**Q** 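Encoded as structure tokens, here's the structure I'll be asking about.
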Amino acid sequence: MIKKQLIDGDSKRKRYRAAIIAPIWLLLALLASGCGQIATTAAPAGDIAAAYPELEGLTAESGKVERVIDGDTFVLEGGARVRLIGVNTPEISGKAEYYGQEAAAYARQRLDGASVRLVKDTGDTDRYGRLLRYVFVGEEARMFNEELVLAGYASVMTIQPNVRLADRFVEAERSARAAESGLWGGEQEGSAAAADSGADDAGTADGSPRSSACEDPRVKGNINSKRERIYHVPGSRYYEQTVPEELFCTAEEAEAAGFRAPKG
């Protein structure tokens, strides 16, 4: 379940707004819990606004991470998939890239089972239905997206219309490059150049699922709630309703990556 908060830099308005709006949101939350919708609250999050004034006035959601897919994508309890805004970590499947496994391991260390706060920019989801969000772990004021870039686990990936923090991410990458952190370190920097472009050969610059190197990968790879890796080919029973976490050119390629065909 995802809860929402209003990001507000003025702490003096906190009690007033909470007193007026809380009963209404409580009713909505109760209704939502009964019909599977997103529950909301109205408590402000002034610490986020203080650290990132560009986000003041936006809505903050809250949830708990169920599992991490890779360095920049994870799943919340309840099944909602989240893709980090503004950053791109190297690939870990299909056409795997340098430092992708390290980025994924770091994301799992920081996010697995963690409570998170999520803030959307102008756009809500990508074309695959994943929530596009700025992410804060627990009550931390520093954004996880920016943390990945500063530590050298991710490069900048700016996609309209979610550009409020684009300049901040660019500065973070400059710092990481100067310090030769992570994927920018030493002789491997050339291998990381593909990640810096924000896309691989199959075109992941729009935040799409990890994909293979062919021009039009159509086989969908999905990881279910039991963490089973299952692939679906075009025309199969669940193909149209499946939201892919990875894309493959052939069933054989999906199987080589550890996915299996659906049963029955």
Side-chain angles (χ1 to χ4, degrees), residues 2-11 14 41 43-76 80-90 99-100 102-123 130-159 162-185 192 195-196 198 207:
I2 300 176
K3 294 183 179 181
K4 293 186 177 180
Q5 298 179 320
L6 175 65
I7 297 175
D8 190 344
D10 186 357
S11 60
K14 178 176 180 180
T41 61
D47 59 329
I48 293 179
Y52 300 89
E54 303 95 330
L55 303 182
E56 184 171 353
L58 298 183
T59 298
E61 303 158 313
S62 61
K64 188 172 183 179
V65 177
E66 180 179 279
R67 57 189 171 89
V68 171
I69 296 172
D70 55 28
D72 53 40
T73 308
F74 59 88
V75 180
L76 294 172
R81 291 174 172 82
V82 178
R83 175 64 165 81
L84 301 182
I85 292 175
V87 305
N88 186 56
T89 58
Y99 226 71
E102 288 85 348
Y106 183 76
R108 292 188 184 100
Q109 174 190 338
R110 292 282 284 124
L111 296 178
D112 265 344
S115 295
V116 291
R117 293 180 291 172
L118 310 112
V119 181
K120 73 175 182 178
D121 201 313
T122 302
R130 297 179 300 181
L131 303 175
L132 300 173
R133 297 293 187 268
Y134 301 114
V135 175
F136 298 81
V137 181
E139 297 301 315
E140 295 177 11
R142 186 170 73 169
M143 182 186 300
F144 182 65
N145 312 48
E146 185 177 32
E147 178 183 330
L148 283 176
V149 179
L150 284 168
Y153 289 111
S155 58
V156 175
M157 185 179 69
T158 303
I159 300 175
N162 299 322
V163 298
R164 290 175 187 262
L165 298 178
D167 291 342
R168 184 187 290 261
F169 291 152
V170 168
E171 288 302 315
E173 182 174 313
R174 286 175 179 165
S175 297
R177 284 176 178 267
E180 295 188 347
S181 299
L183 61 87
W184 309 118
D196 186 36

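These numbers come from a predicted model, not from an experiment.
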**Q** Please evaluate residues Val75 and Val65 with respect to the criterion side chain to side chain contact (heavy atoms under 4.5 Å, CB included), reporting the C-alpha separation (whole Å), side-chain torsions for both, the decisive distance (0.1 Å), and the verdict.
**A** CA-CA 6 Å; Val75 180; Val65 177; over 6 Å; no
**Q** Do the non-hydrogen side-chain atoms of Tyr52 and Arg168 ever get within less than 4.5 Å of each other?
**A** yes
**Q** So does Arg83 get a backbone contact from the side chain of Asp72, meaning a donor-acceptor N/O pair under 3.5 Å?
**A** no
**Q** So, for Ala154 and Leu183, which heavy atoms are closest and what is the spacing to 0.1 Å?
**A** N-CD2, 4.0 Å
**Q** Please answer whether the main-chain N or O of Ile85 pairs with a side-chain N or O of Asn145 as donor and acceptor at a distance below 3.5 Å.
**A** yes
**Q** Is there a side-chain contact between Met143 and Leu165 (heavy atoms, below 4.5 Å)?
**A** yes
**Q** Check the angle between the aromatic planes of Phe169 and Tyr134 and answer parallel, tilted or perpendicular using the 30° and 60° thresholds.
**A** tilted
**Q** Does Asp121 use its side chain to pair, donor to acceptor, with the backbone of Arg133 at less than 3.5 Å?
**A** no
**Q** Does any non-hydrogen side-chain atom of Val116 lie less than 4.5 Å from one of Phe144?
**A** no
**Q** Check the pair Glu171, Arg174 against salt bridge (Lys or Arg N to Asp or Glu O under 4.0 Å), reporting the backbone distance first and the verdict last.
**A** CA-CA 5 Å; Glu171 288 302 315; Arg174 286 175 179 165; 2.5 Å; yes
**Q** Looking at Glu66 and Arg81, is there a salt bridge between them, counting it only when a charged N and a carboxylate O are closer than 4.0 Å?
**A** no
**Q** Quick one, Glu146 and Leu84 - any side-chain contact, counting heavy atoms below 4.5 Å?
**A** no
**Q** When you compare the side chains of Glu147 and Tyr153, does any donor N or O come within less than 3.5 Å of an acceptor on the partner?
**A** no
**Q** Which heavy-atom pair separates Leu76 from Gly63 by the least distance, and what is that distance?
**A** CD2-C, 4.3 Å
**Q** For Ser155 and Asn88, test the side chains for any donor-to-acceptor distance below 3.5 angstrom and give the result as yes or no.
**A** no
**Q** Just by modelled atom types, is the Arg164 backbone N or O under 3.5 Å from a matching donor or acceptor in the Glu54 side chain?
**A** no
**Q** What verdict does the side chain to side chain contact (heavy atoms under 4.5 Å, CB included) test give for Thr158 and Val156, after you've listed the backbone C-alpha separation in whole Å, the side-chain angles of each residue and the deciding distance to 0.1 Å?
**A** CA-CA 6 Å; Thr158 303; Val156 175; 3.6 Å; yes
**Q** Tell me if a side-chain donor or acceptor on Arg117 pairs with a main-chain N or O of Gly138 at a distance below 3.5 Å.
**A** yes
**Q** State, with a plain yes or no, whether a side-chain heavy atom of Ile69 is found less than 4.5 Å away from one of Phe74.
**A** no
**Q** How long is the straight-line distance from CD1 of Ile48 back to CD of Glu140, given to the nearest 0.5 Å?
**A** 11.0 Å
**Q** CG of Leu150 to OG of Ser181: how many Å apart, nearest 0.5 Å?
**A** 8.5 Å
**Q** Evaluate the side chain to side chain contact (heavy atoms under 4.5 Å, CB included) criterion for residues Phe136 and Asp47: first the C-alpha distance (whole Å), next the side-chain angles of each, then the deciding distance (0.1 Å), finally the verdict.
**A** CA-CA 11 Å; Phe136 298 81; Asp47 59 329; over 6 Å; no
**Q** Are the side chains of Leu118 and Glu61 in contact, using a 4.5 Å heavy-atom criterion?
**A** yes
**Q** Inspect the contact between Glu173 and Arg177 and indicate whether a charged nitrogen and a carboxylate oxygen are less than 4.0 angstrom apart.
**A** yes
**Q** For the residue pair Arg108 and Val68, what are the closest heavy atoms and their distance?
**A** CG-CB, 3.7 Å
**Q** Does the Asn162 side chain pair with the main chain of Gly86, one donor and one acceptor, at a distance under 3.5 Å?
**A** no
